[in-house]
K.L.:
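Just dropping this structure here.
One-based numbering along the sequence shown.
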Amino acid sequence: MWLELQDVVRTFGERRAVDGLSLRLPQGSIGCLLGPSGCGKTTALRCIAGFEPVDGGSIRAHERVLAQPGFTMSPAERRIGMVFQDYALFPHLTVAQNVAFGLHKTAAAARARRVQDMLATVGLSDYADQYPHQLSGGQQQRVALARALAPEPELVLLDEPFSSLDVELRQRLSAEVRTVLKSLNATALLVTHDQQEAFAVADLVGVMRAGRLEQWDAPYDLYHRPATRFVADFIGQGVFIAGEVAAQNAVQTEFGVLRANGQSQWSTGTRVDVLLRPDDVIHDDASDFRAEVCHRAFRGAEFLYTLKLPSGARLLSLVPSHHNHAVGEKIGIRIEPDHVVAFEKAE
């Protein structure tokens, strides 16, 4: 185990920005703290980097204490590389000089080789003599990553690294960054509010809310097996429909009985809300169950339909775009969930 946070607390006055945060990140893994603005993810990252002290708990790396109440190891001693949100490149230095910045204690020949290797790794070998203002946003981001990786840090931290980029470039670079980090077997942790970014880059994702970690898991499990209603709501798209526990692992809904995860501890008759994702709702002209199209969003290969059920409840459904239905039209649907998740209905 490389990085371990145990019950970490960081307070500002009466407010707990980080409230009992615990997680473990194995060597060579990429983790992500994901959540809405103000959830505490950036404060947690700053505590790991050494820019903020902790008021409770501990942060360890390879069993070495980085921080605990009354002790904060300096950032320079932590062997951590940092990629900032605005990249923080030095405008008066060339690309090569920026990458070499953290290598001032390395012999000149070795320093030059390392810079060459890092620029090759991020695909910028031909840009060594250019200045940051001559580069695109994506290229600047890659220079910042090369600079962070050049001193061979034990951990790389990335603070909203793609937030200033357009959507298409963000998607492409997130995949590239993952490839670079994996090729170097780097241990890394990023923070973002964008779940597509988190899923594209990270092996493990932690969903944060009000300073607390709701779930630390693989992206697949966050989507299909959310541990809390907040995670189910925050991750992906989906809606909740009313149900009632009919038997162990069975929930009665207006569609009929669904076999669901997570309600076996409830007694028969317990009212629950069942999460259904757009890919759980299948368009089927042969189905007797009809729903009204009340909104549609064209996405090229598919439509995202908002459908109104006879009860008035609404569902989302992803449908291939050759099924071009008008608003107000009634279409046949069936429910085929791979993982149905239910939560007890809040009173």
K.L.:
Please examine the side chains of Leu25 and Trp216, heavy atoms only from C-beta on, and report whether any two atoms are closer than 4.5 Å.
P.N.:
yes
K.L.:
Is the Lys NZ or Arg CZ of Arg209 less than 6.0 Å from the centre of Phe234's six-membered ring, within 45° of the axis?
P.N.:
no
K.L.:
Do the side chain of Glu329 and the main chain of Val293 share a donor and acceptor less than 3.5 angstrom apart?
P.N.:
no
K.L.:
Within a radius of less than 6.0 Å around CG of Asp288, do more than 12 heavy atoms belonging to other residues, nucleotides or ligands occur?
P.N.:
no
K.L.:
Between the side chain of Ser287 and the main-chain N/O of His283, is any donor-acceptor distance below 3.5 Å?
P.N.:
no
K.L.:
Asp280 side chain to Arg277 main-chain N or O, any donor-acceptor pair under 3.5 Å?
P.N.:
yes
K.L.:
Side chains of Tyr127 and Val143, heavy atoms from C-beta outward: is any pair under 4.5 Å?
P.N.:
no
K.L.:
Closer than 3.5 angstrom, by distance alone: can the side chain of Ser321 be matched with the main-chain N or O of Gly300 as a donor-acceptor pair?
P.N.:
yes
K.L.:
Give a yes or no answer on whether the side chain of Lys345 reaches the backbone of Arg271 with a donor-acceptor pair at less than 3.5 Å.
P.N.:
no
K.L.:
Which donor-acceptor pairs under 3.5 Å do the side chains of residues 149-162 make with protein atoms, sequence neighbours left out?
P.N.:
| from | atom 1 | to | atom 2 | distance (Å) |
| --- | --- | --- | --- | --- |
| Glu154 | OE1 | Arg64 | NH2 | 3.3 |
| Glu160 | OE1 | His193 | ND1 | 3.3 |
| Glu160 | OE2 | His193 | ND1 | 3.3 |

K.L.:
Looking at every non-hydrogen atom in both residues, tell me the closest pair between Leu124 and Gln139 and how far apart they are.
P.N.:
CD1-O, 3.6 Å
K.L.:
Using side-chain heavy atoms (C-beta onward) and a distance below 4.5 Å, is Val281 in contact with Ile335?
P.N.:
yes
K.L.:
Could you measure the distance from the CZ atom of Arg78 to the CG atom of Leu66? Nearest 0.5 Å is fine.
P.N.:
5.0 Å
K.L.:
Could you pull out every donor-acceptor pair under 3.5 Å between side chains of residues 302-309 and any protein atom, sequence neighbours left out?
P.N.:
| from | atom 1 | to | atom 2 | distance (Å) |
| --- | --- | --- | --- | --- |
| Tyr305 | OH | His323 | O | 2.7 |
| Tyr305 | OH | His325 | N | 2.8 |

K.L.:
Indicate the atoms forming the closest heavy-atom contact of Pro91 with Pro132, along with that distance.
P.N.:
O-CD, 3.9 Å
K.L.:
Can you confirm if the NZ or CZ of Arg229 lies within 45° of the ring axis of Phe240 and under 6.0 Å from the centre of its six-membered ring?
P.N.:
yes
K.L.:
Under 6.0 Å from the ring centre and within 45 degrees of the ring axis: does the NZ or CZ of Arg296 meet both conditions for the six-membered ring of Phe298?
P.N.:
no
K.L.:
Would you say the side chain of Gln195 lies within less than 4.5 Å of the side chain of Val207, judging by non-hydrogen atoms?
P.N.:
no
K.L.:
State which residue, out of Arg60, Arg24, His62, fulfils the side chain to side chain donor-acceptor pair (under 3.5 Å) condition with Glu4.
P.N.:
Arg24
K.L.:
Inspect the surroundings of CZ in Phe101 and state if more than 12 heavy atoms from other residues, nucleotides or ligands are less than 6.0 Å away.
P.N.:
no
